[in-house]
Amino acid sequence: MSLSKESSLLSNLNDAQQEPVLHRDGPLIVIAGAGSGKTRVLTYRIANLMKHGVDSFSILALTFTNKAAREMKARISEIVGEGEAKNLWMGTFHSIFARILRQEADKLGFPRDFTIYDTQDSGRLIASIIKEMGLDKDIYKFKQIRTRISAFKNSLITVKAYFNDPDLQEADAISRRPKIGEIYKQYVERCFKAGAMDFDDLLLRTNELLNMHPPVLAKYQDQFKYILVDEYQDTNHSQYLIVRALSDKFQNICVVGDDAQSIYGFRGANISNILNFQKDYDDVKLYRLEQNYRSTKNIVNAANSIINHNKNKIDKLVWTSNTDGSKIKVQRCLTDADEGREVASSIFEIKMHEQRLNKEFAVLYRTNAQSRAIEDALRKRDIPYRVYGGLSFYQRKEIKDLLAYLRLIVNPNDEESLKRIINYPARGIGQSTLDKLIIGAKNNDLSLFDTIKNSSKLNLSLNRGVLGKLLDFSDFILSLQIENQKFNAFEIADLVTKKTGLVLELKKDGTPEGVSKVENVEELLNGIHDFVEGQKEISDASGSLSEFLEDIALATDFDNNKNDDIDCVYLMTVHLSKGLEFPIVYIVGLEEDLFPSALSLNTRNELEEERRLFYVALTRAMEKAVITYTLSRYRWGKLVDAEPSRFIEEMDKKYLDFTVPISDYVFKPILDKEIFGGFESPKTKNIPLKGGGKVNTMPSQKQLGKLRKINSNEMASTVSIDKQIAELQEGMNVEHSRFGNGKVLRIEGKGNDKKALIDFDSNGKKNLLLRFAKLKIK
DNA sequence: TCATTGGGCTTTTTT
DNA sequence: AGCCCAATGA
């Protein structure tokens, strides 16, 4: 290879980045601060290996999302050429090892076409096991059990290991759920019989494969001479063991990560994997990337000031030579709807002033439920947006229903799919029949589908009519299986849709939701069509149904959307935003019990993870960051008081720009009552209101806590209410902070509902709720 | 067996 | 406020 190529490869890297790229053999760890070019290092390291003759088939790169893998592959293609990059083993743990597991399925007693159960499928199966065992579903909550089983699997605690561990059994007995082990056992058996693996199985079974079959382990050890793991801080124990096993022979292992961005503890990620890496291998080289290329000084420094509140961390100093940029705006809002409006109008304004594109903006939130208020506001402003995550396309009911048919054709033992569609559309096979079938399946050690096929011979105390319907159903599926031999995925899906009348079923309901469901099904069919067309270009692919199902089993919203270029504002959870960057970022809902989540306040570790989460959110921003919080928000259908997040308090104030003066910020509980309680409380109604009644002494944080508990009646006498608003009359001239000057045309309503119709000079007529409108009488 | 209704529960975060 | 499930009646 030529020297000039080598130097051009390196010319895109700073010194710190070059070192790990040029490191050839032996273990290395790269601690990479946010925005320090971590992906770039991985990309160039792989390219560099390939340039020095390492076969692309022997490089395994594990990323956190499939999207990250795709992008990295594309960048490597640009450096070394597409032909070679295509052969890299690059993808998420789940997708890479699903692929290997299919190859080796027979060794584990699974069909090659095993089904992958998503979270919903596992939950349903667990719920049904709990019910069949006659357990109280209020004590055995299926979601909790599912989480617990998942935790077992991620720690490599098999059913056998569970029953060998008295401590675990005792812990479950103490929590009044002694049957967890039994549920776990049945769940694993049922999955096995159904030829299905859940997400955790993809890792657990890989461990099983590598441990129990030394020749298989040797084969993959030999194949993967170089292994790279991105986002190593988010690997769990099961993933850790896979990496260890595979890298054991050559020890050419490179892990990249940032302990400060570890945010997946809840699904078993173990931060000590990255903290202990140097103990796991001999002669580990450690590299640090501390220069941030992404964000302004204000953002980097504010982020540092927040993460410094964590005790548990590797010391590093992230710095930048970028400009100062503007300060981080901290915006107070009244309600979640108001928060949406503030965000939307801010986006609108910046777009106008700075000629920005929609896709330069991102709105990040802690929980998916928060997207709604933002969406409403953006829609009103005609700002295009796209919500990522949440209920993904493939999780929608109408989509899962059609997919269930398809899954059943490929794997008739797939119990969850069968239960889903055996009576959808209705064909007279109800719950009681299904219960009998499940018992029959258990007694005869058959899969559910085989039980149905043989139902007439099995003495299941079913009447003749039902037996006929069952036979019709199994014949239907069997006939589709035969069709599947000759047709591609699209042809089969189309056939299923027509024969089952699935779309007709949806069309007859006629509601807007029904219409959108029909559209979704059509979109799925289009997607399958595209998939089949795409497969035609791949030499060893056929466009079969099982290929399609493999392809989508692990797909997320991020993956299947080819329209990356559409110009929309991004809406997503902070978790989903990891690894991404945007010029302007809004982080909304910075309130106690929301961010940090109320469920994460029990231990220091949980709180520190929330803080890292906020750190991740803030470090997504390149140029501008805006943080918002509300005084009250709709939760569980009720308007609930909110309190600014401790994370706002924790940031160094010199990087912040408060829209509400800091002193008001401290008085927040009082203002809170002023706005929402003041007018209507019985005592205040007839009391002459006094203006300007600000409390003069500064309450301490402790007192603030107490103040919040005082009800509005007691508060009334000290509350400051703008008397000018109370005295507002028709015909008066007023000033509004956003709409400018105007004239009051009409006043209507009382107390909290008092409204004024105001004609603004430059904004036209608006009907404003007085308790929200910050009006000044002129 | 099916369709409707009301009650309870929900909100972390995801491969 | 919305979703899922169980109970209820047809």
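Side chains are part of it too, since the values below use all heavy atoms of this structure and drop only hydrogens, waters and symmetry mates. A, B, ... follow the sequence lines: proteins, then strands. Residue 1 opens every chain.
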5′-ward residue of the pair A:T433/A:T367 relative to DNA chain B:
A:T433
Please compare A:K469 and A:S597 by the position of their nearest nucleotide in DNA chain B and report the one closer to 5'.
A:K469
Just how far, in rounded Å, is [atom2] of [N] from [atom1] of [X]?
X      : N      : atom1 : atom2 : result
A:Q233 : B:dT15 : CD    : C1'   : 15 Å
A:I116 : B:dT15 : CD1   : C1'   : 10 Å
A:L580 : B:dT14 : CG    : P     : 13 Å
A:Y394 : B:dT14 : OH    : P     : 18 Å
A:I422 : B:dT1  : CD1   : C1'   : 14 Å
A:F266 : B:dT11 : CZ    : C1'   : 13 Å
A:Q120 : B:dT14 : CD    : C1'   : 14 Å
A:N368 : B:dT11 : CG    : P     : 11 Å

Report yes if a side-chain nitrogen or oxygen of A:T65 is closer than 4.0 Å to either non-bridging phosphate oxygen (OP1 or OP2) of B:dT15; otherwise report no.
no
Does a nitrogen or oxygen in the side chain of A:T119 sit under 4.0 Å from OP1 or OP2 of B:dT14?
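Looking at the OP1 and OP2 atoms of B:dT14, neither is under 4.0 Å from any side-chain N or O of A:T119.
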With no hydrogens and no angle check, is any side-chain donor or acceptor of [X] less than 3.5 Å from a backbone partner on [Y]?
X      : Y      : value
A:R611 : A:I307 : no
A:D336 : A:Y634 : yes
A:D201 : A:D198 : yes

Would you name the heavy atoms of A:V466 and A:T433 that are closest together and state the gap between them?
CG1-CG2, 3.5 Å
Any cation-pi pair here, A:R148 with A:F152, using under 6.0 Å and within 45°?
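No, cation not above the ring by the 6.0 Å, 45° rule.
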Can you confirm if the NZ or CZ of A:K578 lies within 45° of the ring axis of A:F64 and under 6.0 Å from the centre of its six-membered ring?
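Yes, A:K578 sits over the ring of A:F64.
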For residues A:F614 and A:H309, establish whether the separation of their ring centroids is below 6.0 Å.
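No - the distance between ring centres of A:F614 and A:H309 does not fall below the 6.0 Å cut-off.
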Sole residue of A:Y365, A:F582, A:Y586 in ring-ring contact (aromatic ring centres under 6.0 Å, His included) with A:Y570:
A:F582
Between A:D121 and A:K400, is a salt bridge (Lys or Arg N to Asp or Glu O under 4.0 Å) present by the stated rule, with each step listed?
CA-CA 10 Å; A:D121 298 321; A:K400 285 212 77 163; 2.9 Å; yes
Measuring only the P atom in each nucleotide, how far is B:dT13 from C:dC4? A whole number of Å is fine.
15 Å
Can you pull the contact range of chain A along DNA chain C, 5' to 3', using atoms under 4.0 angstrom from its heavy atoms?
C:dA1 to C:dA6
Atom pair CZ (A:F93) and CG (A:D234), whose distance is rounded to the nearest 0.5 Å:
10.5 Å
DNA chain B contacts among residues 90-97 of chain A, heavy-atom distance under 4.0 Å:
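Hits under 4.0 Å, by residue number: A:T92, A:H94.
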Parallel, tilted or perpendicular: rings of A:Y264 and A:F266 (30°, 60°)
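Plane angle between 30° and 60°, so tilted.
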Picking from A:E592, A:E591, A:E643, what satisfies salt bridge (charged side-chain N to carboxylate O under 4.0 Å, His left out) with A:R633?
A:E591
Report each atom pair, protein N/O against N/O of nucleotides 2-10 of chain B, whose distance is under 3.5 angstrom.
unit_1	atom_1	unit_2	atom_2	d
B:dC2	OP1	A:G428	N	3.1
B:dC2	OP2	A:N423	ND2	2.8

Between B:dT15, B:dT1, B:dT13, which nucleotide has the shortest distance from any of its atoms to the side chain of A:L576?
B:dT15
